[in-house]
Every structure is written in structure tokens, then in C-alpha cells.
There are 2 protein chains.
Amino acid sequence: MARERKFSREDLYRVSKQLLLKHGYEGFTFSLLAKDLNISRGAIYKYYENKDELLSEYMIYEMEIFLNKLDKINNYNSFNKQFDFLVDLMFQDQEMHQLRKIGFEIPHTTSETVKINSDTLSQLHLTMYKNLQSFVSQGKKEEIIKTHIPDELVLGFIFQTIDIPNHTHIPQEKWIASIKEIIRNGMFVQ
Amino acid sequence: MARERKFSREDLYRVSKQLLLKHGYEGFTFSLLAKDLNISRGAIYKYYENKDELLSEYMIYEMEIFLNKLDKINNYNSFNKQFDFLVDLMFQDQEMHQLRKIGFEIPHTTSETVKINSDTLSQLHLTMYKNLQSFVSQGKKEEIIKTHIPDELVLGFIFQTIDIPNHTHIPQEKWIASIKEIIRNGMFVQ
DNA sequence: AAAGAAAGTGACAGATATGTTACCTTAATC
DNA sequence: GATTAAGGTAACATATCTGTCACTTTCTTT
């Protein structure tokens, strides 16, 4: 150590998250980042060669946090409780879900570091996928989930429906309850 | 008339669409557009002051085409057929749905023309919404759709689920059939 | 064939993002 | 207190996008 840093890694990640959600991948720049951190742009280059290096590293960080939370799905042994847990988690981590989509825009063609990070990220996605895969399998084995529905669709419904904009500001609890109901039993009167 | 144009409005729209889907709103530039059209960048400025003017106009064009198709929903008088029509339409016009989301990124703060176009676009969205609103109302009146489900969610499910990525390339027919089944009756065994 | 008008071009200036680097600052270590 | 090394800054060169404008090209009209 020689001199105290003006910004921590956490600062970097926090502000990057805000900027990513606001401007998207293409709109994210070191200029904006430096301005929001009240540091000079050059300081960031002491740690990262380009934005892809920073962002791919940050995505790994977010993904690891998410996977840790997701892992708690194994604390529940009935499929129904796991289902509730998963949908609730997705709603809590709605922003993470936005970020994950932005993460796919990072090109893995630039520096070596980015390539390595992208590989790590792919690995984490695979881990997530396997975790969820076994969740779906169990649902089908317990004869709760219809077996003829593609696994991808089971997960896709849970992942996509959290993005439905709630323009009329229906209370979150009611909103989520309705989503769960539709996924479970549909929106048609039986 | 004085001289033949090297590019038609259709050319402009077609290439803009490709670029928008590939690079998103922020990544869309007149430079890219000119290059793909094999014309000079300056030529585009003869018709549009900036990209927002072009894009907002283009979005109106796409939206009008879509609304014309959507209007055919009234050719069906049973709710169930309308439902099938709507889901099928959304799948045919998947790209249009991507574009619509990108369209929301156009700032309505630049030139007067953009403001006017944005208003027109809002109007078209309202028209679409009302059209769909009456579809949902009918479904509830016919006691096919559960009345306690928020209207926004009924539409949201139809609009969002078409975005679920079909990575494993399940045949479209089977895919769409499963989506319809889940929306209607859920993914849980009854 | 001359005049006029719309279409298109290329160059210019301004703005902003990107990497790099010489130099300054701060704090720990000797 | 001098040395060392990491942290930070500001300026520079480069690249790209933007908007404008004088000029050229092409076609129609007279």
C-alpha cells in the first residue's frame, strides 16, 4: 500500500450498475463512470484496460451473489415451495435479471482478460442452468409439472414474466400472486 | 423531380431495421446507415435532421403496419379464436416487438418534428392498447378469462412470453402450442 | 442548349470516447 | 527525512459521430 484509494471496488460496481441500467451496454462509458465517482478517467485505467474488462468482472461478481441466493432453493424439499422461492427470488432480484441480459452484449473478442472472464461467466450461467434444470426435473418427477412442456419453457416463463411492466402499480403482492397463479394454472377459467 | 434517388424510403427503413436489431438504439448511427446504403452520410441529412427524426418516423410506419394486422382480430367473434390469432400474430411479428421496445428509447426532447412523431407514436400505442383492452374485456365477459387477473397481466403474458429464447430449437409449432397451453391452463398438472 | 431544381458528395468544425503517458500526491518503510 | 511505490491527474493523440455547407451531378423543363 502506498496511498489510500479514492474509490473502492464496491463503489465501482455500484456506480457501474446504475449506469448500466440507465444507459445500457453501448451507452456505458468510462467518462460517465469517472464523473459519477468524482475521479479522473485515467484512474480507472490503472485497474482496467477497457470497459469490457470491468463489466465482465462485475457481471461475475453479480452472478456469484445471485447463485449463492439461488442455491438456497435446496433448503426446500417440496417442489411447490421451491417454485414459490424461485419466483419470489426473481422478483427480489429484478435488476440482476436486467443486468444479466446486458451482460450478454459484452463482446468476448477483445482482450485476453475479457475472454477469460467471459468463459468464467459462461461457466456460472451453466451452473445456474443445471441448478434450475434439476428443479424442473424434480417438478416433472413429482408429477406436478406437465411432462410434455419443454424444460426451457418452464424456466422461460419464470424468467420472462418478471419483466412485465406493472404500469398501473398494482400492489406487488397481488401482482406476484397473479403471476404465480397463471404460471401454475393459467389465466383461463377451468 | 430532378434526379433519381439512390435510395428509397423503403431502403432506408429496411436497413434501419437491421441496424436497430443488431446494435440497438444507442449503437445506431448515420455512419453505419450510409455505409450499408452505399451513399454518403450527408445525403441522409437532406431528409432527416438527426437519427431520432428518422427512427421515430420509421417506428410510426412499423406501428401502423402492425395495427392493421392487429385489427383483423375483429374478424373473429369467439374469444378463443381471437386469443389464438393474437398469439400467432405476436410470433409472426417478433421483430416488430423488439423494435417497439427500442422505440421507447427515442428521447422526445430533441427537435419539434421528433416531438410530433413521438406524440403520434403514443397515440398509436394507445390505439393498440384500447384494441387489446376490449379483447381482454370480452374474455372476462365471456367468463373465459379469470376476472381477478389484472388486465395488464393478461396482455403482459402474451407480449413477454414470445421473447423466451428457444435455444434448443424446439419446432415453432410445438413451442407455440406449449406457450398457449401454459397461458390458458398453466404448466401444473391439474 | 440553357436554366432550374433536387440528389448526392466531400470536407470542415465541434463534440465526445478511447488509450497512453509524463508528472504529481500520498503514505508506508527504511 | 529520504526512498519507494501505488494512487491519481491532466494533457495528448486518435478515432468516431454529428451537423453543416459549398460544390458537383443528374435530370426535367423551357
Side-chain angles (χ1 to χ4, degrees), chain A residues 1-16 18-58 102 105-115 117, chain B residues 1-16 18-58 102 105-115 117:
Chain A
M1 272 304 137
R3 179 179 167 180
E4 208 184 347
R5 279 182 59 167
K6 285 180 72 179
F7 61 101
S8 67
R9 184 169 294 227
E10 298 296 318
D11 290 334
L12 217 52
Y13 288 172
R14 186 174 35 78
V15 177
S16 293
Q18 291 168 4
L19 290 174
L20 271 183
L21 290 172
K22 186 167 179 188
H23 300 285
Y25 173 75
E26 303 241 22
F28 178 91
T29 66
F30 274 6
S31 307
L32 284 172
L33 187 56
K35 197 178 52 167
D36 281 11
L37 285 168
N38 291 311
I39 52 164
S40 73
R41 199 168 47 84
I44 306 175
Y45 283 94
K46 293 273 154 155
Y47 307 96
Y48 303 97
E49 283 189 13
N50 52 54
K51 77 170 178 177
D52 291 335
E53 255 181 51
L54 162 60
L55 294 182
S56 57
E57 188 189 284
Y58 166 58
I102 294 172
E105 293 184 51
I106 301 172
H108 9 268
T109 43
T110 32
S111 76
E112 194 55 32
T113 314
V114 176
K115 241 180 260 176
N117 284 345
Chain B
M1 275 301 139
R3 180 180 167 177
E4 209 184 346
R5 278 182 61 166
K6 285 181 71 179
F7 59 101
S8 68
R9 183 169 296 225
E10 298 296 319
D11 290 334
L12 217 53
Y13 287 171
R14 185 174 36 77
V15 176
S16 293
Q18 290 166 5
L19 291 173
L20 271 184
L21 290 172
K22 186 167 180 188
H23 301 284
Y25 173 76
E26 303 239 22
F28 177 92
T29 66
F30 273 6
S31 307
L32 284 173
L33 186 56
K35 195 176 55 165
D36 281 11
L37 286 168
N38 292 311
I39 51 163
S40 72
R41 200 169 46 84
I44 307 174
Y45 283 94
K46 293 273 154 152
Y47 306 96
Y48 302 98
E49 283 188 13
N50 52 55
K51 76 168 179 178
D52 292 334
E53 256 182 49
L54 162 60
L55 293 182
S56 58
E57 190 190 282
Y58 166 59
I102 295 172
E105 293 184 52
I106 301 172
H108 7 267
T109 42
T110 31
S111 76
E112 193 55 34
T113 313
V114 177
K115 239 178 263 176
N117 283 346

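Keep in mind it's a predicted model, so treat the numbers as computed, not measured. To find a chain, count down the sequence lines: A is the first, B the second, and so on, and within it residues start at 1.
- One finds no side-chain N or O of B/Lys6 lying less than 4.0 angstrom from the OP1 or OP2 phosphate oxygen of D/dT26.
- If you check every strand for non-hydrogen atoms under 4.0 Å, B/Tyr48 touches nothing.
- One interatomic measurement links the two molecules: CD of A/Glu26 to C1' of D/dT16, which rounds to 13 Å at whole-angstrom precision.
- B/Ser111 and B/Glu53 are linked by a side-chain donor-acceptor pair at a separation below 3.5 angstrom, with hydrogens and angles left out of the test.
- Closest approach to the A/Tyr45 side chain among D/dG8, D/dT18, C/dT20 is made by C/dT20 (side chain taken as heavy atoms from C-beta onward).
- In this structure, the side chain of A/Asn117 does not engage the main chain of A/Val114 through any donor-acceptor pair within 3.5 Å.
- For D/dG19, its base sits under 3.5 Å from the side chain of B/Arg41 at one donor and acceptor pair at least.
- With rounding to whole Å, B/Ile39 atom CD1 is found 15 Å from C/dA6 atom C1'.
- Between the side chain of A/Lys46 and the base of D/dG8, a donor-acceptor pair under 3.5 Å is found.
- Put simply, the side chain of B/Arg3 and the base of C/dA7 share a donor and an acceptor less than 3.5 Å apart.
- Between A/Leu20 atom CG and A/Tyr58 atom OH the span is 7.0 Å, to the nearest 0.5 Å.
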Could you go through the side chain to side chain contact (heavy atoms under 4.5 Å, CB included) check for A/Lys51 and A/Tyr25 one step at a time? CA-CA 10 Å; A/Lys51 77 170 178 177; A/Tyr25 173 75; 3.9 Å; yes

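- Rounding to whole angstrom units, CD1 of residue B/Ile44 and P of C/dG10 are separated by 14 Å.
- Considering only side-chain N and O atoms, A/Ser40 lies nowhere under 4.0 angstrom from the phosphate OP1 or OP2 of D/dG8.
- Distance A/Phe30 CZ to C/dA17 C1': 11 Å, rounded to the nearest Å.
- Taking the side chain of B/Thr29 as heavy atoms from C-beta on, and the options D/dT18, C/dT18, D/dT9, the nearest nucleotide is D/dT18.
- Atom CG in B/Leu33 sits about 15 Å away from atom C1' in D/dG19, given to the nearest Å.
- Between the CG atom of A/Asp11 and the P atom of D/dG8 there is a distance of 11 Å, rounded to whole Å.
- In this structure, CG of A/Asp52 is placed 14 Å from C1' of C/dG19, rounded to the nearest angstrom.
- For D/dG7, the OP1/OP2 oxygens have a side-chain nitrogen or oxygen of A/Tyr47 closer than 4.0 Å.
- For the pair B/Glu4 and B/Leu32, nearest-nucleotide mapping onto DNA chain D gives the more 5' position to B/Leu32.
- We find that NE2 of A/His23 is positioned 10 Å from P of C/dA17, with the value rounded to whole Å.
- Candidate nucleotides D/dG19, C/dG19, D/dG8 were compared by shortest atom distance to the side chain of A/Arg5, and D/dG8 ranks first.
- Side-chain contact check for A/Leu54 versus A/Phe30: some heavy-atom pair is nearer than 4.5 Å.
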